[in-house]
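Note sheet for the following structure.
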2 protein chains.
Amino acid sequence: MKRVAVDMDGVLADVYEQFFRLDEIKTGTRKTLESVTGVLELEAFQFGRDHVLSDDFFRTAPVMQDSQKILEQLNQQYDVFIVSSATEFPKSLSEKQAWLGEHFPFITWKQMVFCGSKVIVQADIMIDDHFKNLDHFNGQTILFSQPHNQLADAGKHTRVNNWKEIESLLL
Amino acid sequence: MKRVAVDMDGVLADVYEQFFRLDEIKTGTRKTLESVTGVLELEAFQFGRDHVLSDDFFRTAPVMQDSQKILEQLNQQYDVFIVSSATEFPKSLSEKQAWLGEHFPFITWKQMVFCGSKVIVQADIMIDDHFKNLDHFNGQTILFSQPHNQLADAGKHTRVNNWKEIESLLL
C-alpha cells in the first residue's frame with residue numbers, strides 16, 4: 001500500500017478563508033483574491049502573524065471543499081499520514097489535533113505528524129501547497145493550488161486545483 | 001551531514017523516574033527496579049495510564065543524565081531531529097514542546113516531530129528505546145537501554161546503556 005503524506009493548512013484546512021474573515025473583522029474591508037495572489041500568506045495579510053498566533057485560528061478553520069469525502073476514500077486505498085508544520089506555533093498543536101478529530105474522525109492518532117521541517121518525511125506521494133516541502137521530496141509530488149503558489153510554474157510537481165482533481169489522479 | 005532521529009521518552013526524558021515517583025505517591029511504596037524490568041511501562045505500573053494522562057506528566061519529567069551536553073554536541077555534527085510519539089496523548093504535545101524548550105533550548109522548532117507511528121521517519125540513525133520503532137527503520141539503529149527492553153536480545157540494533165555510550169559511538 002502506497003504511503004501518502006497529506007498537508008493540513010492550505011490542503012485540508014482552508015486557511016485563506018480564515019485569513020480573509022479575520023482580516024475583514026480587523027480592517028472593515030474584505031481583501032480581494034487578486035490582492036493576495038502570488039504572495040505568501042503572512043506577507044499578503046498585514047495582521048497575518050497576529051491571527052495565526054491568536055486562540056482558535058487553527059481550531060476554527062473551515063474545511064476544504066470535498067476533502068472529507070475524498071480523503072476518507074484515499075484512506076481505504078493508501079497508507080495516509082497527515083503531516084502538518086505546527087511546531088512554529090506551539091498552541092496550534094492541540095488545536096490541529098482536535099480539528100482533525102472533529103472533521104476527519106477516521107484519521108487515527110497513529111496517522112498524525114506535527115513537525116517543523118518536512119525533510120524527515122518518508123512516503124511515496126506528498127500533497128502540499130508549498131514548494132519548500134515538495135522540492136526536496138523523493139516521491140510523487142502534488143502541488144495543491146492556493147493563492148500564494150498560483151502564479152508559479154509547478155515545475156516537476158503535478159498541480160491540482162481542488163480535491164476533485166486529487167480524486168481523479170489517485171482514485 | 002547525517003540525520004539522527006532521537007526519541008524523547010526513555011531517551012531524553014527519564015519517564016521511569018517519573019513513574020516511580022508518582023507510583024510511590026499513589027501507593028506509599030517505591031517499586032524496585034527488578035519488579036518493572038522486562039515489562040512495558042504501562043503494564044509494570046498499575047496506575048501508569050492515569051499518570052500519563054495527568055497534567056504535567058511529560059512537562060515535569062526529569063532529564064536523562066548527560067543527555068543535554070551530549071545532544072548539544074551531536075547537534076553540531078549531525079542534522080538532529082527529536083521524534084516523539086505524542087499524538088496518543090494529545091495533552092502531551094504542548095508539554096513536550098515546552099519541556100524541550102526548557103531543557104534543550106538549542107533544539108529549534110524545525111527539529112521537532114510529534115507523531116504517532118514512526119514508520120514515516122527518514123533518517124540515517126535512530127536512537128530509541130522501543131523495538132517497534134527501530135525494527136522497521138532502514139538506517140543505523142541504536143537501542144537505548146530502559147527497564148522494559150533490558151532483558152531482550154538487541155538483535156541487529158546496537159545497545160547503549162547511557163548517553164556516555166552514545167558519545168563514544170557517534171562523536
Side-chain angles (χ1 to χ4, degrees), chain A residues 1-8 52-53 55 58-59 78-102 104-128 130 132-133 136-139, chain B residues 1-8 52-53 55 58-59 78-102 104-128 130 132-133 136-139:
Chain A
M1 205 181 247
K2 282 191 176 178
R3 187 182 303 145
V4 190
V6 182
D7 181 32
M8 279 183 73
V52 167
L53 290 171
D55 281 345
F58 296 100
R59 184 64 188 89
Y78 293 86
D79 186 19
V80 168
F81 277 78
I82 309 303
V83 181
S84 181
S85 291
T87 51
E88 185 176 4
F89 305 108
K91 261 198 303 202
S92 75
L93 292 165
S94 55
E95 290 191 19
K96 285 184 171 195
Q97 183 158 8
W99 186 90
L100 282 174
E102 178 185 349
F104 298 85
F106 51 87
I107 297 293
T108 70
W109 61 266
K110 288 188 182 176
Q111 295 170 273
M112 299 176 188
V113 181
F114 300 111
C115 59
S117 161
K118 296 189 184 179
V119 295
I120 199 165
V121 171
Q122 179 169 247
D124 300 294
I125 304 168
M126 178 178 274
I127 306 173
D128 209 289
H130 279 285
K132 68 178 178 192
N133 297 324
H136 61 70
F137 185 74
N138 281 327
Chain B
M1 205 180 244
K2 282 192 176 176
R3 186 182 302 143
V4 190
V6 181
D7 182 31
M8 279 182 74
V52 167
L53 290 170
D55 281 346
F58 295 99
R59 184 64 188 86
Y78 292 85
D79 187 18
V80 168
F81 277 77
I82 308 304
V83 181
S84 180
S85 291
T87 52
E88 184 177 4
F89 305 109
K91 260 196 304 200
S92 75
L93 293 165
S94 55
E95 289 191 19
K96 285 184 171 193
Q97 184 159 9
W99 187 90
L100 282 175
E102 178 184 350
F104 298 85
F106 51 87
I107 296 294
T108 71
W109 61 265
K110 290 188 182 176
Q111 295 171 273
M112 300 175 188
V113 181
F114 300 111
C115 59
S117 161
K118 295 189 183 180
V119 295
I120 199 165
V121 171
Q122 180 171 247
D124 301 293
I125 304 169
M126 178 178 275
I127 306 173
D128 209 290
H130 278 285
K132 68 178 178 194
N133 297 325
H136 61 69
F137 184 75
N138 281 327

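Every heavy atom of this structure was used, including side-chain atoms; hydrogens, water molecules and symmetry mates were not. Letters A, B, ... are given to chains in the order of the sequence lines, protein chains preceding strands, and every chain is numbered from 1.
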*Using a 4.5 Å cut-off on heavy atoms from C-beta on, say whether the side chain of S117(A) contacts that of F81(B).*
yes
_I'd like to know which of P90(A), A86(A), S85(A), A123(A) tops the heavy-atom pair count under 4.5 Å against chain B._
P90(A)
*Using a cut-off of under 4.5 Å on heavy-atom pairs, state which of M112(B), E88(B), K91(B), K110(B) scores highest against chain A.*
E88(B)
*asked:* Need one label for V83(A): side chain, backbone, both or neither, based on atoms under 4.5 Å from any heavy atom in chain B.
replied: side chain
*asked:* How long is the straight-line distance from OG1 of T87(B) back to CG of L100(A), given to the nearest 0.5 Å?
replied: 10.0 Å
*What distance do Q111(B) atom CD and I120(A) atom CD1 have between them, rounded to the nearest 0.5 Å?*
10.0 Å
*How many angstroms lie between atom OG of S92(A) and atom CD of Q97(B), to the nearest 0.5 angstrom?*
8.0 Å
*Find the one option among V113(B), D79(B), I82(B) whose heavy-atom pairs under 4.5 Å with chain A are most numerous.*
V113(B)
*Residue pair K96(B) / L93(A), side-chain heavy-atom distance below 4.5 Å*: no
